[in-house]
**Q** 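Here you go, one structure.
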Amino acid sequence: GNSVTQMEGPVTLSEEAFLTINCTYTATGYPSLFWYVQYPGEGLQLLLKATKADDKGSNKGFEATYRKETTSFHLEKGSVQVSDSAVYFCALTDPIQGAQKLVFGQGTRLTINP
Amino acid sequence: DAGVTQSPTHLIKTRGQHVTLRCSPISGHKSVSWYQQVLGQGPQFIFQYYEKEERGRGNFPDRFSARQFPNYSSELNVNALLLGDSALYLCASSLAGYSGNTIYFGEGSWLTVV
């Protein structure tokens with residue numbers, strides 16, 4: 001089945017620093033790719049998505065580009081804020097047996113210091 | 001509009017007991033999925049239901065079961081609880097349950113088994 005490998009955390013940055021969280025995947029076919037964010041004590045929120053190669057997803061200053069040639073979907077933000085502190089999950093669709101299934105990476109905990 | 005709603009938000013059960021978790025999808029969404037998130041890991045797919053039929057099942061024992069009702073709400077049942085079942089249980093909904101449809105998550109139900 002499809003799988004996702006995420007950059008290990010935790011990641012600690014200062015406010016206004018540049019952020020990159022690496023995500024690579026293994027997949028058959030053409031999965032859709034997602035970044036979800038989980039704030040402390042909460043569920044998952046969709047941050048951005050891309051459904052085909054070379055698509056760029058963007059939201060709240062975050063961006064990620066679907067790179068089929070490198071099987072990657074790295075998350076970037078030019079200037080992080082304290083409020084971006086959370087756990088970030090890369091995920092892809094794994095349409096086994098016709099089901100709509102998401103496969104997640106292990107998550108990367110991000111802490112932004114003032 | 002209301003998002004995906006889950007109940008209860010927190011509960012504590014004893015080993016061997018049974019638990020029922022409930023989920024209401026976003027209005028108009030016909031697909032509901034359940035995920036288990038153990039502390040420090042990414043969510044793992046348990047089930048997907050679409051139009052009251054099970055469409056997919058993850059690698060979970062038969063102690064886990066679910067159903068979807070005519071109003072598209074869903075229940076997750078876990079029998080003979082084990083300590084290892086302690087986790088955040090996330091419900092998610094999507095419009096039509098096909099790969100590529102965006103999946104939206106609820107806040108989750110925190111289950112502690114003692």
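First the proteins, then the strands, lettered A, B, ... as listed; each starts at 1. Values reported hereafter were calculated over all heavy atoms of this structure, with side chains retained and with hydrogens, waters and symmetry mates removed. Everything numeric here is computed off the predicted structure, so don't read it as measured data.
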**Q** Same cluster for A:Phe73 and A:Phe104 if Ile/Leu/Val/Met/Phe/Trp/Tyr side chains link at under 4.5 Å?
**A** no
**Q** Given a strict heavy-atom distance threshold of 4.5 Å, which part of B:Thr9 is in contact with chain A: side chain, backbone, both, or neither?
**A** neither
**Q** Where on B:Tyr35 is there a heavy atom nearer than 4.5 Å to chain A: the side chain, the backbone, both, or neither?
**A**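 Interface part for B:Tyr35: side chain.
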**Q** Return the minimal non-hydrogen interatomic distance between A:Leu44 and B:Pro43, and the atom names on each side.
**A**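 A:Leu44 and B:Pro43 have their closest heavy atoms at CD1-CG, 3.6 Å.
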**Q** With a 4.5 Å heavy-atom cut-off, do B:Gln37 and A:Phe89 have their side chains touching?
**A**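 In short, these two side chains touch, coming nearer than 4.5 Å.
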**Q** Given a strict heavy-atom distance threshold of 4.5 Å, which part of B:Ile103 is in contact with chain A: side chain, backbone, both, or neither?
**A**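 Both backbone and side chain of B:Ile103 come within 4.5 Å of chain A.
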**Q** Do the side-chain N and O atoms of B:Ser33 and A:Gln100 include a donor-acceptor pair separated by under 3.5 angstrom?
**A**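 Not at all, the side chains of B:Ser33 and A:Gln100 share no donor-acceptor pair under 3.5 Å.
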**Q** Kindly check if the number of other-residue, nucleotide or ligand heavy atoms within 6.0 Å of CD (A:Gln81) is above 12?
**A**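 It does: A:Gln81 CD has more than 12 such atoms within range.
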**Q** Considering residues, nucleotides and ligands other than A:Glu69, do more than 12 of their heavy atoms fall under 6.0 Å from its CD?
**A**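 Buried by this count: over 12 neighbours within 6.0 Å.
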**Q** If you count every heavy atom of other residues, nucleotides or ligands that lies below 6.0 Å from B:Lys52 atom NZ, does the total exceed 12?
**A** yes
**Q** Would you give the length of the straight line joining atom NZ of A:Lys101 to atom CD of B:Gln44, rounded to the nearest 0.5 angstrom?
**A** 8.0 Å
**Q** Tell me whether A:Val87 shares a hydrophobic cluster with A:Phe62, the cluster being built from Ile, Leu, Val, Met, Phe, Trp, Tyr side chains joined at under 4.5 Å.
**A** no
**Q** Can you tell me if B:Tyr104 uses its side chain to pair, donor with acceptor, with the backbone of A:Gln45 under 3.5 Å?
**A** no
**Q** So which of A:Thr51, A:Leu102, A:Val103 has the biggest tally of heavy-atom pairs under 4.5 Å with chain B?
**A**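 Max contact count across the listed options: A:Leu102.
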**Q** Can you establish whether the number of heavy atoms outside B:Arg63 located under 6.0 Å from its atom CZ is more than 12?
**A**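 More than 12 heavy atoms, drawn from other residues, nucleotides or ligands, come within 6.0 Å of this atom.
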**Q** So for A:Gln38, is it side chain, backbone, both, or neither that comes closer than 4.5 Å to the heavy atoms of chain B?
**A**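 Contact with chain B involves the side chain of A:Gln38 alone.
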**Q** Just wondering, are more than 12 heavy atoms of other shown residues or ligands nearer than 6.0 Å to CG in A:Asn113?
**A**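 Correct, the count exceeds 12.
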**Q** Looking at B:Leu39, I want to see if its CG is surrounded by more than 12 non-hydrogen atoms of other residues, nucleotides or ligands under 6.0 Å.
**A** no
**Q** Side chain, backbone, both or neither: which part of A:Leu46 has a non-hydrogen atom closer than 4.5 Å to chain B?
**A** side chain
**Q** Less than 4.5 Å to any heavy atom of chain A: does that hold for the side chain of B:Glu54, its backbone, both, or neither?
**A**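 Nothing of B:Glu54, per the 4.5 Å heavy-atom cut-off to chain A.
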